[in-house]
Trainee: 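Before I ask anything, here is the structure I am working with.
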Amino acid sequence: MVSLTINGKVVRAEEGEYLLAVIRRMGIDVPALCQHEAVEPYGGCRLCMVEITKDSWDGWKKYVTSCLYPVEQDLIVTTHSDKVNDLRRGILDLFLARNPETPLIQKLAADYGLTRTSYEAIPEPNDCILCSICTRVCDAMGFSAISMVNRGHGKEVAPPLHQAPPDCVGCLACAQACPTNYITYEDVGNRRTIWNKQFELLVCDKTGRPTITKEFADYLIKNREIPEDYFRIDDASHREELADKMGRITRWSVTEEAK
Amino acid sequence: MRIESEKQLRDYRKKLIEADKKLVKKIMVCHGPGCLASGAEKISAEFEKQLKKKRIKGVSIESVKKTGCHSFCEKSPLVAIEPAQVLYTRVQIRDVAEIIEKSVKGDDVIERLVYHDPKTDEAIEKYPDIPFYKHQTRIALRNLGKINACDIDDYIRVGGYDAAVKAVLHMTPDEVIDEVKKANLRGRGGGGFPAGRKWESCRKIEADVRYVVCNGDEGDPGAFMDRAIMEGDPHTVLEGMIIAAYAIGAKDGYIYVREEYPLAVINLQKAIEQAEAIGLLGDNIMGTSFSLRIHINRGAGAFVCGESSALMMSVAGHVGEPRAKYIRSVQKGLYDQPTVLNNVETYSNVPMIISNGADWFTSIGAPKNSGTKAFSLVGKVRHTGLIEVPMGTTLRTIIYDIGGGIQKDRQFKAVQTGGPSGGCLAEQHLDLSVDFDTLTAHGSMMGSGGMIVMDERTCMVDVAKYFLSFLVSESCGKCIPCREGLYQLYKLAIAISEGRGKEEDIARMERLSDHVVVGSLCGLGKSGPNPFLSTVANFRDEYLAHIVDHKCSAGVCKELIKFEVITEKCDGCMACISACAVNAITGKKKQPHIINQELCTKCGACVAACNRDAIAVF
């Protein structure tokens, strides 16, 4: 365990923990757009920057992204100093130039006193904030079907060659993790379309409702040791079966005890 | 043969020196980047062809050496005759027969081909007397132009692999690190971090696997120091890496070579094979338990991959994006293992430090900045080329003594050091000592060693705009301050150069620059606003002239200038009329011409075509 000071309060943290986790545990609101609990920190949005110093640093201060900075003994952290707030405002100003119509950005910018960007907005704005959560989630799922392509100002999230991604199984992890709902998909009947790729959904034997894609089910059966007939029924039916089983066990044990 | 002791290496060297003595004359044909581009390969082939036919005592085909860069690129192609130390410049194929006849067979010097002082027109026969060479001290570039690039025997003959043998057989890893630490060798890639300290902290970390990596991803526009070393003296890079790997305990090494340097890849590959063949590389080096395999990785053309963490991502096969370095790469680098990364020039200094000792190294250069630094001197300077000077040399010496001053005796305006994210220094900085700390203190940086000299016809707003556009397209785009911030800075710089800027824009840009510097993830972004910050600090008047007066005094920014014929000077030769691609110039023979401002695209072709300086830029 190490102990450090955050906004004047002394706190203890596990060694190897990142600052942002400790800050959030204290209930302090530090914005972070590229942070997602399912994946490793990234350090792209720079909004979680905080000011750090130590008594032994002779007044020298450093600005670091708290999502990536490991806790250190005797660290003194300030999450909302004037300089940090100014920096966040500056970054949100840049975000507003790129994503002027995105509600998440608008709300966050309003928290820091900005309603519109002071820069020239880019010609064709969209809702992608390039946080890379989708691609990192896709990597973590084991597919790497989409990635960041191009660099600099032309960077975007895309499947290979902008074609329907061959490695995509239609699991929707990217769309569900996307903080701005930029990634869209469509489920019509037992058909799913995402990234311009069409999938057929399996149908529950009991309810007739569509479940997950055949490709995703095959992958899970093959790689995650899930029984082959598991995807025959949908989640709700699984829960019902389980509840039924648990109920029977309980009834049985009650009768046993009574004896 | 495998070299397993110091004596063996010495005996082998003796044999090589004996064999070399039999060559009475040597013809060193420069095969550096500049000379190759101007036809050096054909010249060396012509020498070989003609020597085959002739029988000259003590001269054979082996006398023709295809060496690395002779570094006086402005006068390429270059041929030096050794041991007379005569340097022939701008050699053509038709000169080859004469050179063989007079300087190889005989001992005459062809005055027409030697260097002439631009001011006095005096012929200087021997290259050590040419001012361009006289003020240089060569450590990293010591073998360039002296040996055959792809020949390990040549390298061993001039003392090569002495240091590696000394380190591996007679020193402990700690002794090697101590020596490099004492020499205070600072990273030549630009950061200036002491190499010895880096090696020491890597060695201290407990791990089974460690890596040495060499950064050969030299991406700064106009820089070619590392290229010259990798192409012209690849063995020195290997030797430096062998010593580093021995010191930290690495078994694998990677050289990351820029995509644009195919010859460097070929020469390094040959060098690796040659070194492995005699047991200086590979398993059980020199018969000890120390093994090292060196692999070559080619970049894919991204500037950001010269940044250490992005480079390691790229070597590992990922997208070349940097990561935050709160955990340093000596702790967790390539494949998450402790890694030492140094650049080409740093490694090529290492053998000399081990051979000659730290005291020798610290006796050269400035306090806390020992040794030398290589620069590629380019731009509007008279003698462009590759130079190496002791740290602490002034910019004035570099530009005026080595570089021979500004072309066409124009006025010096600025010198840009440190690559795209370095800064522009002005006239008042000319007497600054060139070292890591001084340059950084004055808003520029050492960088990897690009040095671009600019004259009065360079517009500083345009320079800032150019470098910002480079950085905008080379930013990896991972973090927003660099991706969006530099883009907005670039947009604002365009507005100023087009006369659309407002006075408050400068303050806005300064504030934005501060956010980019503090907020960015890696060195590219952190130093990205430097082109703007250093030009606005030293040339604020020029920015204001663009904004307030809508004037570009250098005559560069198209939206703010116009071309006009000075009627008194125009003799009506019609040269400009035929040069104009848009037919904007009209006029009759022997009568002053007129430029139609509405049609004029301000391309400047008429100015270049006019022999009487009769077209002025306002």
Side-chain angles (χ1 to χ4, degrees), chain A residues 16 18-19 33-34 40-49 51-52 61-72 83-84 86-99 105 117-122 129-132 135 139 144 147-157, chain B residues 300-305 309-310 317-328 331-332 468-492 494-495 500 504-505 508-509 511-522 524-526 528:
Chain A
Y18 294 115
L19 274 183
L33 291 175
C34 62
E40 285 288 299
Y42 183 66
C45 78
R46 319 304 286 171
L47 287 171
C48 70
M49 280 205 142
E51 190 178 285
I52 58 167
K61 289 171 188 160
K62 212 159 99 171
Y63 297 90
V64 298
T65 41
S66 58
C67 66
L68 277 162
Y69 201 90
V71 291
E72 270 171 34
K83 171 89 186 170
V84 169
D86 179 54
L87 191 65
R88 281 193 201 127
R89 205 171 296 122
I91 291 170
L92 285 164
D93 200 355
L94 291 167
F95 262 117
L96 272 180
R98 186 172 188 106
N99 313 99
I105 299 295
T117 178
S118 66
Y119 303 108
E120 201 180 305
I122 63 163
I129 55 168
L130 294 168
C131 62
S132 193
T135 65
D139 286 343
S144 299
S147 69
M148 297 304 252
V149 297
N150 294 329
R151 60 171 180 247
H153 207 250
K155 202 175 183 100
E156 57 177 330
V157 177
Chain B
F303 176 72
V304 72
C305 286
S309 59
H318 303 293
V319 175
E321 280 178 0
R323 60 163 184 81
K325 279 180 279 186
Y326 303 138
I327 302 167
R328 307 202 70 88
Q331 245 173 303
K332 237 177 150 185
L468 285 171
S469 84
F470 178 90
L471 292 165
V472 166
S473 62
E474 291 297 343
S475 158
C476 80
K478 178 173 176 172
C479 76
I480 176 152
C482 177
R483 181 184 69 225
E484 308 296 334
L486 289 179
Y487 173 81
Q488 295 295 351
L489 264 184
Y490 173 52
K491 285 275 167 195
L492 289 164
I494 291 180
R500 294 184 283 114
E504 63 267 25
D505 279 355
R508 267 179 84 197
M509 286 171 84
R511 189 170 158 263
L512 172 57
S513 296
D514 178 51
H515 290 156
V516 177
V517 170
V518 180
S520 289
L521 174 73
C522 82
L524 194 153
K526 284 190 184 302

Trainee: Could you grab the distance from atom CZ of Arg151(A) to atom SG of Cys305(B), nearest 0.5 Å is fine?
Mentor: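 Reported value, rounded in 0.5 Å steps: 8.5 Å.
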Trainee: Just how far is it from atom CZ of Arg483(B) to atom NZ of Lys155(A), taken to the nearest 0.5 Å?
Mentor: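 Result: 8.0 Å between the selected atoms.
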Trainee: Quick one: what part of Leu47(A) sits under 4.5 Å from any heavy atom of chain B, side chain, backbone, both or neither?
Mentor: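 Leu47(A) has no heavy atom closer than 4.5 Å to chain B.
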Trainee: What is the minimum heavy-atom distance between Cys479(B) and Gly43(A), and which atoms define it?
Mentor: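 Closest pair (atom of Cys479(B), atom of Gly43(A), distance): CB-O, 4.1 Å.
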Trainee: Between Gln488(B) and Leu94(A), is the side chain to side chain contact (heavy atoms under 4.5 Å, CB included) condition met? List the steps.
Mentor: CA-CA 8 Å; Gln488(B) 295 295 351; Leu94(A) 291 167; 3.7 Å; yes
Trainee: At a heavy-atom separation under 4.5 Å, does Ile327(B) approach chain A through its side chain, its backbone, both, or neither?
Mentor: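 Only the side chain of Ile327(B) comes within 4.5 Å of chain A.
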Trainee: I'd like to know if the side chain of Lys491(B) and the backbone of Glu120(A) have a donor-acceptor N/O pair within less than 3.5 Å.
Mentor: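 Here the side-chain-to-backbone pair does not exist.
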Trainee: Using non-hydrogen atoms only, which part of Lys62(A) is less than 4.5 Å away from chain B: side chain, backbone, both, or neither?
Mentor: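 When you check distances to chain B, no heavy atom of Lys62(A) falls under 4.5 Å.
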Trainee: Kindly compute the distance separating CG (Leu68(A)) from CG (Leu521(B)), expressed to the nearest 0.5 Å.
Mentor: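 With rounding to 0.5 Å, CG (Leu68(A)) is 8.0 Å from CG (Leu521(B)).
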Trainee: Atom CD1 in Ile91(A), atom NE2 in His515(B): separation rounded to 0.5 Å?
Mentor: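 Rounded to the nearest 0.5 Å, the CD1-NE2 separation comes to 8.0 Å.
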Trainee: Which heavy-atom pair separates Tyr326(B) from Tyr63(A) by the least distance, and what is that distance?
Mentor: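 Scanning both residues, the minimum pair turns out to be OH-O, 4.4 Å.
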Trainee: Closest approach of Leu87(A) and Val518(B), non-hydrogen atoms and distance?
Mentor: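 Of all heavy-atom pairs spanning Leu87(A) and Val518(B), the closest is CD2-CG1, 4.0 Å.
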Trainee: Got more than 12 heavy atoms from elsewhere within 6.0 Å of NZ, Lys83(A)?
Mentor: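 More than 12 within 6.0 Å, yes.
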Trainee: With no hydrogens and no angle check, is any side-chain donor or acceptor of Arg508(B) less than 3.5 Å from a backbone partner on Ser118(A)?
Mentor: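 A pair under 3.5 Å: yes.
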Trainee: Between Thr65(A) and chain B, which part of the residue has a heavy atom less than 4.5 Å away: side chain, backbone, both or neither?
Mentor: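 When you check distances to chain B, atoms from both the backbone and side chain of Thr65(A) fall under 4.5 Å.
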Trainee: Which one wins on heavy-atom pair count under 4.5 Å against chain A: Ser520(B), Ala324(B), Gly320(B)?
Mentor: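 Of the options given, most contacts go to Ser520(B).
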Trainee: Side chain, backbone, both or neither: which part of Asp93(A) has an atom under 4.5 Å from a heavy atom of chain B?
Mentor: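 Nothing of Asp93(A), per the 4.5 Å heavy-atom cut-off to chain B.
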Trainee: With a 4.5 angstrom heavy-atom cut-off, could you sort out which part of Glu321(B) is near chain A: side chain, backbone, both or neither?
Mentor: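 The side chain, not the backbone.
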Trainee: When rounded to the nearest 0.5 angstrom, what is the spacing between CZ in Arg98(A) and CD1 in Ile480(B)?
Mentor: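 Answer for the CZ-CD1 pair, Arg98(A) versus Ile480(B), is 8.0 Å.
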Trainee: Counting heavy-atom pairs closer than 4.5 Å to chain A, which one of Val516(B), Asp514(B), Leu512(B) comes out on top?
Mentor: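 Maximum pair count with chain A is reached by Leu512(B).
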Trainee: Which bit of Pro41(A) comes within less than 4.5 Å of chain B, counting heavy atoms only: side chain, backbone, both or neither?
Mentor: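 Contact with chain B: none, neither part.
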Trainee: Within the side chain of Tyr487(B), is there an N or O that forms a donor-acceptor pair under 3.5 Å with the backbone of Ile122(A)?
Mentor: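 Answer holds: no.
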Trainee: For the CD atom of Glu484(B) and the CG atom of Leu96(A), what is their distance to the nearest 0.5 Å?
Mentor: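 Going from the CD atom of Glu484(B) to the CG atom of Leu96(A) covers 11.0 Å.
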Trainee: Step by step, would you call Tyr42(A) with Lys478(B) a side chain to side chain contact (heavy atoms under 4.5 Å, CB included)?
Mentor: CA-CA 9 Å; Tyr42(A) 183 66; Lys478(B) 178 173 176 172; 3.5 Å; yes
Trainee: Identify which part of Arg323(B) has an atom lying under 4.5 Å from any heavy atom of chain A, answering side chain, backbone, both or neither.
Mentor: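 Nothing of Arg323(B), per the 4.5 Å heavy-atom cut-off to chain A.
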Trainee: Nearest heavy-atom pair of Pro481(B) and Arg46(A): which atoms, and what distance?
Mentor: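 Heavy atoms only, the tightest pair is CD-CG, 3.3 Å.
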